[in-house]
Amino acid sequence: MAAFMDLNVIFCEDKQTLRALVEKAAHLGFSTVAINYVFEPAGKKKPEIPSPKLISELFDELPIVQGRSRPIRVLNRLTIVMTDHSHYRPNATEYKQFDLLAVQPSTEKLFHAACMTFDIDIICICVTEKRPFLFKRSPVFGAIERGVFFEVSYSAAIRDATMRRYTIANAVSLVECCKGKNVIVSSAAERPLELRGPYDIANLSLLFGLSDSDSRASVSSCCRLAVLHAETRKTASGVIYTIKTQQEPLPTSEDGDAPAAKRAKC
């Protein structure tokens with residue numbers, strides 16, 4: 001059974017609504033959700049990156065995933081809505097508080113920088129308005145080679161017919177450019193009613209131009225790889241630590257000479 005994930009559940013101050021979102025996701029069969037803290041520094045003199053809430057403060061007990069005998073896994077994610085290159089600070093210590101790091105570029109130059117240079121996990125595609133620039137294969141495949149994933153959210157398509165057209169048009173354009181690779185589909189839900197089951201999302205992904213296998217991967221294996229990429233990014237390219245262990249002495253022969261294996265080699 002595939003492990004389904006929704007890596008974009010919008011954070012809200014109302015704990016009851018947030019609990020209801022996570023409980024609904026667990027009931028629908030998602031094994032992992034990411035609470036998304038959206039950060040918009042534009043227009044602020046001293047923007048402060050929000051600090052994620054401790055999971056223990058939000059939930060006394062995590063709900064059990066439907067069809068599984070273990071509780072749902074809850075991650076913290078930061079999404080930076082970028083209108084200027086300075087909005088991304090590569091050495092910011094605040095980023096280390098989050099399990100996932102995503103950006104939503106608003107211009108072609110920022111999109112190119114996010115694909116080629118930014119140390120991030122996810123690039124969000126805006127689906128609430130007409131696409132302001134064309135997707136080009138060079139930066140898109142550059143991001144794919146670096147293990148960065150592109151995200152399309154569907155909740156805006158539920159709220160408004162105009163946004164539905166923008167969502168489908170922008171998603172189709174992205175899929176045509178990246179050929180269905182490294183695409184994840186998430187909810188960006190603010191209310192439990194905006195969540196859909198993983199199989200419904202896979203069927204919706206067919207409208208975006210994804211194949212059957214890519215549509216299933218967009219809510220399962222691609223999400224898992226994005227989480228693994230985030231873990232690798234936070235541990236210095238995958239090296240966590242090394243321990244030098246004491247080497248056991250090689251067995252010697254009965255007469256106390258050199259090891260039998262070494263004599264045989266000589």
Side-chain angles (χ1 to χ4, degrees), residues 3-66 68 70-82 87-104 118-124 126 128 149 151 153-156 159 184-196 198 219 223-224 226-235 240:
F4 299 113
M5 301 184 183
D6 187 345
L7 299 184
N8 190 353
V9 174
I10 302 298
F11 171 78
C12 63
E13 294 293 343
D14 186 2
K15 293 184 179 180
Q16 186 176 358
T17 302
L18 195 58
R19 290 194 194 101
L21 277 166
V22 176
E23 289 174 358
K24 180 68 173 180
H27 177 72
L28 291 172
F30 290 99
S31 63
T32 302
V33 295
I35 299 177
N36 188 15
Y37 295 77
V38 180
F39 176 52
E40 299 185 34
K44 300 178 181 180
K45 294 182 179 179
K46 294 182 179 180
E48 295 183 1
I49 298 175
S51 298
K53 303 292 184 181
L54 295 176
I55 303 303
S56 58
E57 295 180 0
L58 299 174
F59 307 98
D60 297 329
E61 185 178 357
L62 291 173
I64 302 298
V65 179
Q66 184 178 25
R68 295 175 178 267
R70 60 171 181 259
I72 192 170
R73 182 187 181 192
V74 181
L75 305 175
N76 289 319
R77 163 182 163 175
L78 176 66
T79 299
I80 306 170
V81 180
M82 298 184 60
H87 293 161
Y88 173 77
R89 306 200 303 266
N91 298 321
T93 57
E94 294 87 349
Y95 295 167
K96 297 180 181 179
Q97 304 177 74
F98 296 90
D99 301 301
L100 290 162
L101 181 59
V103 297
Q104 181 178 310
F118 289 174
D119 190 14
I120 55 176
D121 309 308
I122 299 171
I123 298 175
C124 304
C126 182
T128 59
F149 288 79
E151 179 190 61
S153 57
Y154 63 82
S155 62
R159 304 186 193 113
I184 62 176
V185 181
S186 60
S187 65
E190 299 177 359
R191 299 176 299 168
L193 290 175
E194 295 174 349
L195 286 170
R196 296 295 182 268
V219 290
C223 297
R224 177 177 175 272
V227 173
L228 290 176
H229 181 272
E231 294 174 354
T232 303
R233 175 180 54 80
K234 293 177 65 177
T235 53
I240 303 176

Hey, does [Y] have a side-chain heavy atom less than 4.5 Å from the side chain of [X]?
X	Y	value
L62	I55	yes
L101	Y88	yes
I184	L7	yes
R77	Y37	no
K24	R191	no
F11	E190	no
I10	V38	yes
V227	F149	no

How close do [X] and [Y] get, heavy atom to heavy atom, and via which atoms?
X	Y	value
V219	P198	CG2-O, 4.0 Å
I64	R68	CG2-O, 3.3 Å
C126	Q104	CB-NE2, 3.9 Å
A188	S155	O-OG, 3.0 Å
E48	F39	O-CE1, 3.4 Å
L18	C12	N-SG, 3.9 Å

Rounded distance [0.5 Å steps], [atom1] in [X] versus [atom2] in [Y]:
X	Y	atom1	atom2	answer
D99	I35	CG	CD1	10.0 Å
C223	E151	SG	CD	8.5 Å
L54	Q97	CG	CD	10.0 Å
R196	F30	CZ	CZ	11.0 Å

After noting the C-alpha distance and the side-chain angles of F118 and M82, does the key distance pass the side-chain contact (heavy atoms from CB on, under 4.5 Å) rule? CA-CA 12 Å; F118 289 174; M82 298 184 60; 3.5 Å; yes
Determine, step by step, whether T79 and C124 satisfy the side-chain contact (heavy atoms from CB on, under 4.5 Å) criterion, reporting the C-alpha distance in whole Å, the side-chain angles of both residues, the deciding distance to 0.1 Å, and the verdict. CA-CA 8 Å; T79 299; C124 304; 3.9 Å; yes
Decide if atom CZ of R224 counts as having more than 12 heavy atoms of other residues, nucleotides or ligands within a radius under 6.0 Å. no
Flag, side chain of D6 to backbone of S186, donor-acceptor distance under 3.5 Å: no
Checking the side chain of S31 only, and the main-chain atoms of F4 only, is there a donor and an acceptor separated by less than 3.5 Å? yes
Check the pair L75 / V33 against side-chain contact (heavy atoms from CB on, under 4.5 Å), numbers first and verdict last. CA-CA 6 Å; L75 305 175; V33 295; over 6 Å; no
Under 3.5 Å side-chain donor-acceptor pair for N36 and N8: yes
May I ask you to decide whether D121 forms a salt bridge with R233, counting only side-chain N to carboxylate O separations under 4.0 Å? yes
Residues at least two apart in sequence or cross-chain that pass side-chain contact (heavy atoms from CB on, under 4.5 Å) with A189, listed by chain then number, are L21, S187, E194, L195
What pairs with E94 under salt bridge (charged side-chain N to carboxylate O under 4.0 Å, His left out), at least two apart in sequence or on another chain? R89
